[in-house]
Enquirer: 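This structure is in structure tokens; I'll ask about it shortly.
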Amino acid sequence: MCRWLAYHGEPVYLSALVTQPDHSLIHQSLHASEAKTETNGDGFGLGWYGSRDVPGLYREILPAWNDDNLRHLADQIQSRLFFAHVRASTGTATTRANCHPFTWNNWLFMHNGQIGGYGKVRRALENRLPDDLYASRLGTTDSELLFKLMIMHGLEQDPIEAVRTVLEMTRDEMRKAGIESALRFTACLSDGERIFAFRCASDDAPPTLYHRRNLKGDLIVVSEPLDDQTECWNSVPPHHTLCADGDGVHIKPFSV
């Protein structure tokens, strides 16, 4: 399973979260403590919002702990909202196109989890995409496919309902294919102003998700805590979504 983080608040250098903490994302790429696999070495990615309308994106297939470019970029890029992700493949190739986050217009998306039995439902789900979205699909992951389906089903109008619709559709295809493995979805979306994070699964074992806010209101959302200050990190309950916007942070039930 992958590890990721999202930040929204006063502009900070990406290194403040990606490289500097004791259990930073780079440390988690080698020594994740709350994942099925300790090592997440199948590439990494950064997505950040700056002064332009669309986010910046940097993805690479090297392990995060072994790429000096990542450290140099994190030391120089400052952002008020950014994503970072280290990947542990669930079966698809290690290519840049398969590394998270994924972008579409002003949106970023990243995911930890999987569609159980993906190979048995991939074609059925891809067949649902309109030609333009199918042609824009650069990789082969279940994560990117879910993102394209969300775009198709009204991501811009209502992100939460778009995610719900796509996950329900995916579960329906899994049932048709007789798949008993779980659909697991701990993921994050942003349009550059809001953050939507989800923790759900078709069973009772969704991947972990935590959040923390400081006194200034800066928000960090992570797969697992970046330090041992456990009292400062709040677990998002299973089958819930976290929504952060101008009105604060709201955690609501979310099930499929």
Side-chain angles (χ1 to χ4, degrees), residues 2-28 32-34 44-51 54-57 73-74 77-86 100-103 106-113 147 150 155-156 158-160 162-163 185-200 206-254:
C2 309
R3 304 283 85 182
W4 58 255
L5 69 83
Y7 171 83
H8 187 14
E10 290 297 316
V12 297
Y13 288 104
L14 274 59
S15 57
L17 302 179
V18 175
T19 66
Q20 292 175 6
D22 292 339
H23 195 47
S24 69
L25 204 62
I26 285 188
H27 187 267
Q28 291 178 32
S33 60
E34 297 193 26
F44 67 86
L46 303 172
W48 68 94
Y49 293 91
S51 58
V54 297
L57 185 66
L73 287 171
I77 297 172
Q78 194 176 42
S79 176
R80 60 180 174 77
L81 200 165
F82 63 86
F83 285 9
H85 185 283
V86 292
H100 306 222
F102 303 99
T103 63
N106 59 315
W107 287 87
L108 283 173
F109 172 72
M110 59 186 174
H111 173 223
N112 174 30
F147 185 42
M150 292 172 209
L155 175 67
E156 290 186 302
D158 191 332
I160 294 176
V163 171
F185 188 82
T186 295
C188 198
L189 284 160
S190 180
D191 59 1
E193 298 297 332
R194 301 170 293 172
I195 283 179
F196 303 89
F198 302 82
R199 185 186 180 200
C200 64
T208 55
L209 184 64
Y210 298 86
H211 68 101
R212 182 169 82 184
R213 294 185 80 190
N214 62 21
L215 294 177
K216 296 184 296 182
D218 302 332
L219 172 70
I220 310 171
V221 187
V222 295
S223 295
E224 61 184 72
L226 303 179
D227 53 45
D228 59 4
Q229 298 176 17
T230 55
E231 71 280 1
C232 298
W233 295 97
N234 302 291
S235 176
V236 175
H239 312 295
H240 279 71
T241 180
L242 177 152
C243 308
D245 55 26
D247 295 326
V249 177
H250 313 280
I251 297 177
K252 304 175 182 178
F254 179 89

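The chain is numbered in sequence order, starting from 1. These figures come from a predicted structure and were not determined experimentally.
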Enquirer: Could you pull out the closest heavy-atom pair between Ala6 and Cys188, with the gap in Å?
Expert: CB-SG, 3.8 Å

Enquirer: Could you report the tightest heavy-atom contact between Leu226 and Pro21, atom names first, then the distance?
Expert: O-CB, 3.5 Å

Enquirer: Any donor-acceptor pair under 3.5 Å linking the side chain of Thr103 with the backbone of Trp107?
Expert: no

Enquirer: So, using side-chain hydrogen bond (donor to acceptor under 3.5 Å, both in side chains) as the criterion, who are the partners of His8 when residues are at least two apart?
Expert: none

Enquirer: With the side chain counted from C-beta on, respond yes when Asp191 and Glu156 share a heavy-atom pair under 4.5 Å apart, and no when they do not.
Expert: no

Enquirer: Is there side-chain contact between Leu17 and Leu25, with at least one heavy-atom pair below 4.5 Å?
Expert: no

Enquirer: Looking at residues at least two apart in the chain, or sitting in another chain, which of them share a ring-ring contact (aromatic ring centres under 6.0 Å, His included) with Tyr49?
Expert: none

Enquirer: How close do Phe83 and Ser190 get, counting heavy atoms only, and between which atoms?
Expert: CZ-CB, 3.6 Å

Enquirer: Under the side chain to side chain contact (heavy atoms under 4.5 Å, CB included) test, which residues partner Pro225, sequence neighbours left out?
Expert: Glu34, Tyr210, Trp233

Enquirer: Taking all non-hydrogen atoms of both residues, which atom of Pro101 and which atom of Gly47 are closest, and how far apart?
Expert: CG-N, 3.8 Å

Enquirer: Quick one: sort the Phe254 and Phe198 rings into parallel, tilted or perpendicular, breaks at 30° and 60°.
Expert: perpendicular

Enquirer: Is the shortest heavy-atom distance from the side chain of Leu155 to the side chain of Phe109 under 4.5 Å?
Expert: no

Enquirer: Among residues at least two apart in sequence or on other chains, which ones pass side chain to side chain contact (heavy atoms under 4.5 Å, CB included) with Pro207?
Expert: Asn112, Arg184, Thr186

Enquirer: Does the side chain of Val222 come within less than 4.5 Å of Gln28's, by heavy atoms?
Expert: no

Enquirer: Output all residues satisfying salt bridge (Lys or Arg N to Asp or Glu O under 4.0 Å) with Glu193, sequence neighbours left out; order by chain, then residue number.
Expert: Arg80

Enquirer: Which distance, rounded to the nearest 0.5 Å, do you find between the CD of Gln78 and the OG of Ser15?
Expert: 9.5 Å

Enquirer: Using side chain to side chain contact (heavy atoms under 4.5 Å, CB included) as the criterion, list what pairs up with Val54, not counting sequence neighbours.
Expert: none

Enquirer: For a quick test of your reading: what N or O donor-acceptor pairs under 3.5 Å do the side chains of residues 241-252 make, sequence neighbours left out?
Expert:
residue : atom : partner : partner atom : Å
Thr241  : OG1  : Ala197  : O            : 2.9
Asp245  : OD1  : Asp247  : N            : 2.9

Enquirer: Sequence neighbours left out, what passes ring-ring contact (aromatic ring centres under 6.0 Å, His included) with His239? Give chain and number order.
Expert: none

Enquirer: Taking the side chain from Glu224 and the backbone from Thr208, do they hold a donor-acceptor pair closer than 3.5 Å?
Expert: no

Enquirer: Does Arg199 use its side chain to pair, donor to acceptor, with the backbone of Val236 at less than 3.5 Å?
Expert: yes

Enquirer: Do any N or O atoms from the side chain of Ser235 and from the backbone of Pro237 form a donor-acceptor pair under 3.5 angstrom?
Expert: no

Enquirer: Of all heavy-atom pairs between His100 and His111, which one has the smallest distance, and what is that distance?
Expert: ND1-N, 3.2 Å

Enquirer: Tell me, please, which residues at least two apart from His27 pass side-chain hydrogen bond (donor to acceptor under 3.5 Å, both in side chains).
Expert: His23

Enquirer: For Leu219, does its backbone N or O pair with a side-chain atom of His211 as donor and acceptor, under 3.5 Å?
Expert: no

Enquirer: If the condition is side-chain hydrogen bond (donor to acceptor under 3.5 Å, both in side chains), which residues does Ser79 pass it with, not counting sequence neighbours?
Expert: none

Enquirer: Find out whether Tyr7 and Leu14 are in side-chain contact, i.e. whether some heavy atom of one side chain is under 4.5 Å from a heavy atom of the other.
Expert: no

Enquirer: Whether the side chain of Ser24 engages the backbone of Gln20 through a donor-acceptor N/O pair (distance < 3.5 Å, no angle test) should be reported.
Expert: no

Enquirer: Does some side-chain heavy atom of Phe102 sit less than 4.5 Å from a side-chain heavy atom of Leu57?
Expert: no

Enquirer: Under the rule for ring-ring contact (aromatic ring centres under 6.0 Å, His included), what residues qualify as partners of Phe196, not counting sequence neighbours?
Expert: none

Enquirer: Please collect all salt bridge (Lys or Arg N to Asp or Glu O under 4.0 Å) contacts where either partner lies in residues 209-221, sequence neighbours excluded, each pair once.
Expert: Arg212-Asp227, Lys216-Asp218

